[in-house]
Q: 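Got a structure here, written out as structure tokens. Questions coming.
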Amino acid sequence: MGNCCSDENGGHSAVGGNGAYAANQNNGHNEAVDALFKSRGYQGLYSHVELSLSATGLRDRDVLSKSDPMVVIYSKGRDGSLQELGRTEVVPNSLNPKWITKYTIAYHFETVQNLVFRVCDVDTQFHNQDVKMLKLEEQDFLGEASCTLSEIVSKSNGSLTLDLIRGEQSSGPKHAQKSGKLTVCAEESVASKTTVELKLRCSELVSKDLFSKSDPFLVISKHTESGMVVPICKTEVIKDDHSPKWKPITVNIQQVGSKDSPLTIECYDFNSNGKHDLIGKVQKSLADLEVLHSTGSSANLFTSAAVGQNSQNRVLKSQLFVDSFFEKTQHTFLDYLAWGYELNFMVAIDFTASNGNPRLPDSLHYIDPSGRPNDYQRAILDAGEVLQFYDKDRRYPAWGFGARPIDGPVSHCFNLNGSSDYCEVEGIQGIMTAYMSALFNVSLAGPTIFGPVVTSAADIANQSLMKRERKYFILLIITDGVITDLQETMDALVHAADLPLSVLIVGVGGADFKEMEILDADKQRLESTRGRVAVRDIVQFVPFRDVQSGDSVLQALLAELPSQFLEYMRLKRIQPT
């Protein structure tokens with residue numbers, strides 16, 4: 001996917017990085033820096049994909065000739081509303097058209113992008129009109145097909161064939177008539193794969209701290225057509241240094257726009273409260289930075305004049321240098337999907353007594369008769385609706401922990417389906433059904449222990465690895481409490497970091513989740529009892545209460561998965577062929 005990232009050997013972080021290593025233990029990725037990004041409109045990363053359309057066996061609506069078909073592409077909102085995205089050209093006299101017009105769309109892994117394709121027969125009298133000006137109600141409807149963008153790009157050949165339907169599918173097969181087939185092909189833009197690796201440094205930075213040197217980091221932002229300045233990348237924080245040399249970062253050219261697109265590079269002094277002090281900035285394009293590197297020259301940082309003053313920007317002695325500028329093509333997340341990689345979803349649910357009696361409305365496990373999902377159900381649905389398209393068999397391992405099965409001891413990893421032999425369930429609805437059934441077949445107990453479920457997930461990932469399967473696993477842990485086996489869990493996660501596995505943790509309820517922030521390892525890499533440091537950060541955590549009403553609980557966490565996936569692939573030197 002398009003991204004800005006750390007070099008995989010650089011051992012540091014950059015927001016959305018496809019090699020997003022944490023920095024060393026003193027200079028790491030920090031929530032306060034991320035908060036700066038979010039406050040300024042950072043929305044995650046994407047790839048541009050080009051859609052090509054063809055059809056076979058269309059219905060013939062013309063008497064003396066064949067139909068003259070055109071496709072209209074729509075995006076479909078959660079409320080069912082349609083927004084037109086584009087139209088193809090009209091192909092005259094054809095029931096098996098191949099349209100030349102392509103449509104480019106931004107693919108976002110973390111969201112479900114519903115698409116609708118409507119094929120119509122354009123009357124001959126309108127053939128000389130621009131297709132954008134055609135009134136669709138005046139054309140004959142031939143059929144409609146719908147899918148998600150994820151369904152297309154997750155196919156190994158990037159192609160999906162759909163039945164064109166006339167009438168309402170919801171009314172049953174008697175009312176829904178098939179009227180040919182529509183094939184949609186998706187191809188990732190080459191620009192999504194073209195990146196520039198930069199190694200930046202500064203000299204003579206001014207001090208923003210009274211009793212110590214500044215703790216500088218850089219933020220690179222692009223300028224949108226509307227005039228907004230949107231951050232796309234950051235370096236790690238370097239402590240107490242007025243001549244910092246940052247580790248390499250990689251900027252995706254598509255995300256910037258082009259090599260000539262203007263960029264603002266800001267140097268901040270890090271503050272743990274998130275209120276970082278601006279030291280100075282530079283406005284340069286990638287092409288300008290390339291010139292700085294090739295000529296061995298530098299650019300002076302400046303600060304903007306105060307609002308309402310006529311004075312010019314204040315130029316500082318501080319300078320920015322480009323020590324390395326290297327343009328290259330990298331394999332993307334979609335490249336690995338095309339190579340046949342799957343994402344396999346797993347879930348583990350907290351059944352400790354602190355959740356409250358499931359039969360009472362104040363319980364976190366309460367099943368509302370109205371059908372309104374509780375927080376556990378919402379988290380499962382939010383993750384499942386995105387990840388299900390990347391798992392071919394849609395059989396998901398599902399566990400519970402912290403409960404006492406009937407006539408048994410407390411278990412910290414039991415199969416949610418009640419079986420003693422296998423842990424998988426069929427589909428997202430299978431997880432929901434097994435969860436609700438378990439609520440009435442186990443006794444909530446405790447304490448909250450993660451180690452066994454992390455180990456079970458790691459075992460499955462390891463078995464897949466031994467079989468040389470092209471699979472990457474995502475474990476979702478939903479919990480309400482403070483874990484009591486912190487070090488044991490850290491040991492399991494350090495081991496799991498070597499495997500094709502990521503862990504998403506969602507905290508529900510009002511508990512203190514400080515331990516989860518330790519597991520998240522944004523500030524410091526996890527270390528095992530034996531002193532082994534995790535090779536990468538595989539844990540992402542979000543407390544449910546921090547999510548805005550109506551937002552997807554896991555959208556921010558899911559957005560990081562392609563980066564973690566690519567980090568693992570590059571760490572293990574796995575390249576698609």
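The structure displayed is predicted, hence computed values, not measured ones.
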Q: Any side-chain to backbone donor/acceptor pair from Q564 onto E560? Under 3.5 Å, distance only.
A: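 Checked: no pair found.
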
Q: Where do L501 and I474 come nearest, in terms of heavy atoms and distance?
A: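 Of all heavy-atom pairs spanning L501 and I474, the closest is CD1-N, 4.5 Å.
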
Q: Between OG1 of T195 and CD of Q330, what distance do you get to the nearest 0.5 Å?
A: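 T195 atom OG1 to Q330 atom CD measures 4.0 Å (nearest 0.5 Å).
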
Q: Write down the atom of Q575, the atom of Y336, and the distance for their closest heavy-atom approach.
A: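 Taking every non-hydrogen atom into account, CA-OH, 3.9 Å.
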
Q: Let me see the working for S294 and F325 under side-chain contact (heavy atoms from CB on, under 4.5 Å), right down to the final yes or no.
A: CA-CA 8 Å; S294 62; F325 186 101; over 6 Å; no

Q: Might you point out which heavy atoms bring N252 and T194 nearest each other, and give the distance in Å?
A: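 Taking every non-hydrogen atom into account, ND2-O, 3.7 Å.
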
Q: Could you check I431 against Q429 for side-chain contact (heavy atoms from CB on, under 4.5 Å), going step by step and ending with a plain yes or no?
A: CA-CA 5 Å; I431 299 176; Q429 190 54 49; over 6 Å; no

Q: Return the minimal non-hydrogen interatomic distance between S221 and P231, and the atom names on each side.
A: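 Where S221 meets P231 most closely, the heavy atoms are OG-CA, 3.3 Å.
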
Q: Is the F321-H293 ring centre distance short of 6.0 angstrom?
A: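 Centroid distance F321-H293: not below 6.0 Å, so no.
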
Q: Using distance alone, with no hydrogens and no angle criterion, decide if S52 and W99 have a side-chain donor and acceptor under 3.5 Å apart.
A: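 Looking only at side-chain atoms, W99 and S52 do not form any donor-acceptor pair under 3.5 Å.
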
Q: I want to check something: taking the side chain as every heavy atom from C-beta on, are L53 and K98 in contact at a cut-off of under 4.5 Å?
A: no

Q: Is there a donor-acceptor pair closer than 3.5 Å between any side-chain N or O of Q113 and the backbone N or O of A106?
A: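 Side chain of Q113 to backbone of A106, a donor-acceptor pair under 3.5 Å: yes, one is there.
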
Q: Will you find, in the side chains of T264 and H223, an N or O donor that is under 3.5 Å from an N or O acceptor?
A: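 Side chains of T264 and H223: pair found under 3.5 Å.
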
Q: Taking the side chain from R536 and the backbone from L571, do they hold a donor-acceptor pair closer than 3.5 Å?
A: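 The answer is no, because no donor-acceptor pair under 3.5 Å joins these two groups.
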
Q: Determine whether a donor-acceptor pair (N or O, by modelled atom type, separation under 3.5 Å) exists between the side chain of R394 and the backbone of G427.
A: no

Q: Output the distance between atom CG (L558) and atom CG (L504), rounded to the nearest 0.5 Å.
A: 6.0 Å

Q: Strictly by modelled atom types, are S304 and K281 linked by a side-chain donor-acceptor pair under 3.5 Å?
A: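 Yes, side-chain donor-acceptor contact under 3.5 Å.
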
Q: Should V49 and T104 be marked as a side-chain contact (heavy atoms from CB on, under 4.5 Å) after you check the CA-CA gap, both sets of side-chain angles, and the distance that decides it?
A: CA-CA 6 Å; V49 295; T104 299; over 6 Å; no

Q: Would you please say whether a donor-acceptor pair under 3.5 Å links the side chains of T295 and S297?
A: yes

Q: When rounded to the nearest 0.5 angstrom, what distance separates CG in L465 from NZ in K471?
A: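 So the gap between those two atoms works out to 12.5 Å.
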
Q: For the residue pair T148 and E151, establish whether any side-chain heavy-atom pair is separated by less than 4.5 Å.
A: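 A side-chain contact exists here, since the closest heavy-atom pair is under 4.5 Å.
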
Q: Knowing that exactly one of F565, F333, Y568 qualifies, which makes a ring pair (Phe, Tyr, Trp, His ring centres under 6.0 Å) with Y341?
A: F565

Q: Test side-chain contact (heavy atoms from CB on, under 4.5 Å) on E138 and L134 and set out the steps.
A: CA-CA 8 Å; E138 294 179 351; L134 294 176; over 6 Å; no

Q: Going by atom types only, do S502 and Y472 share a side-chain donor-acceptor pair under 3.5 Å?
A: yes

Q: Can you check whether I220 reaches K234 side chain to side chain, under 4.5 Å on heavy atoms?
A: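 A side-chain contact is absent here, since even the closest heavy-atom pair is not under 4.5 Å.
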
Q: Between A186 and L51, what is the shortest heavy-atom contact and its length?
A: CB-CD2, 3.9 Å

Q: Could you check whether T332 and E188, counting side-chain N and O atoms only, form a donor-acceptor pair closer than 3.5 Å?
A: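 Short answer, yes.
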
Q: To the nearest 0.5 Å, what is the distance between CG on D393 and CG on N344?
A: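 One finds 7.0 Å between CG of D393 and CG of N344.
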
Q: Does a donor on one side chain sit under 3.5 Å from an acceptor on the other, for E89 and T101?
A: yes

Q: Check whether any side-chain heavy atom of S75 lies under 4.5 Å from a side-chain heavy atom of L85, and answer yes or no.
A: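 They are in contact (side-chain heavy atoms under 4.5 Å apart), so the answer is yes.
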
Q: State, without any angle test, whether T161 and T183 hold a side-chain donor-acceptor pair at a distance under 3.5 Å.
A: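 A donor-acceptor contact under 3.5 Å links the two side chains.
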
Q: Quiz question: by atom type and distance under 3.5 Å, do the side chains of S81 and D79 form a donor-acceptor pair?
A: yes

Q: Is there side-chain contact between I73 and E84, with heavy atoms separated by less than 4.5 Å?
A: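 Heavy-atom side-chain distance check fails, nothing below 4.5 Å.
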
Q: Any chance you could measure S54, atom OG, to N96, atom CG, to the nearest 0.5 Å?
A: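 Between S54 OG and N96 CG, I get 9.5 Å after rounding to 0.5 Å.
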
Q: Looking at every heavy atom in both L95 and R59, which two are closest together, and how far apart are they?
A: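 That closest heavy-atom pairing would be CD2-O, 4.0 Å.
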
Q: Is Q83 reaching over with its side chain to a backbone N or O of K76, donor-acceptor style, under 3.5 angstrom?
A: no

Q: Has K259 got more than 12 heavy atoms of other residues, nucleotides or ligands less than 6.0 Å from its NZ?
A: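 Check passes, neighbour count above 12.
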
Q: Among F473, Y396, F389, which residue satisfies the ring pair (Phe, Tyr, Trp, His ring centres under 6.0 Å) criterion with F345?
A: Y396

Q: Kindly indicate, with the supporting measurements, whether the criterion salt bridge (Lys or Arg N to Asp or Glu O under 4.0 Å) is fulfilled by R470 and E342.
A: CA-CA 6 Å; R470 293 175 184 172; E342 295 182 50; over 6 Å; no

Q: Centre-to-centre under 6.0 Å for Y390 and F109, is that the case here?
A: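 So the answer is yes for these two rings.
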
Q: To the nearest 0.5 Å, what is the distance between OG (S324) and CG (L198)?
A: 7.5 Å

Q: Could you tell me whether the side chain of S464 and the main chain of A461 form a donor-acceptor pair under 3.5 Å?
A: no

Q: For the side chain of W246 and the backbone of K199, is there at least one donor-acceptor N/O pair under 3.5 Å apart?
A: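 Side chain of W246 to backbone of K199, a donor-acceptor pair under 3.5 Å: no, none is there.
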
Q: Q139 side chain to L136 main-chain N or O, any donor-acceptor pair under 3.5 Å?
A: no

Q: Does the side chain of S285 reach to within under 4.5 Å of the side chain of S261, using non-hydrogen atoms?
A: no

Q: Hey, does L149 have a side-chain heavy atom less than 4.5 Å from the side chain of L115?
A: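 Yes, close enough: below the 4.5 Å cut-off.
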
Q: Does the side chain of V131 come within less than 4.5 Å of V90's, by heavy atoms?
A: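 Yes, side chains in contact.
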
Q: On the ring face of Y74, is R118 found with NZ or CZ under 6.0 Å from the centre and within 45° of the axis?
A: yes

Q: May I ask you to decide if D60's main-chain N or O and D121's side chain share a donor-acceptor pair within less than 3.5 Å?
A: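 Checked: no pair found.
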
Q: Taking E236 for its side chain and K247 for its backbone only, find out whether a donor-acceptor pair lies under 3.5 Å.
A: yes

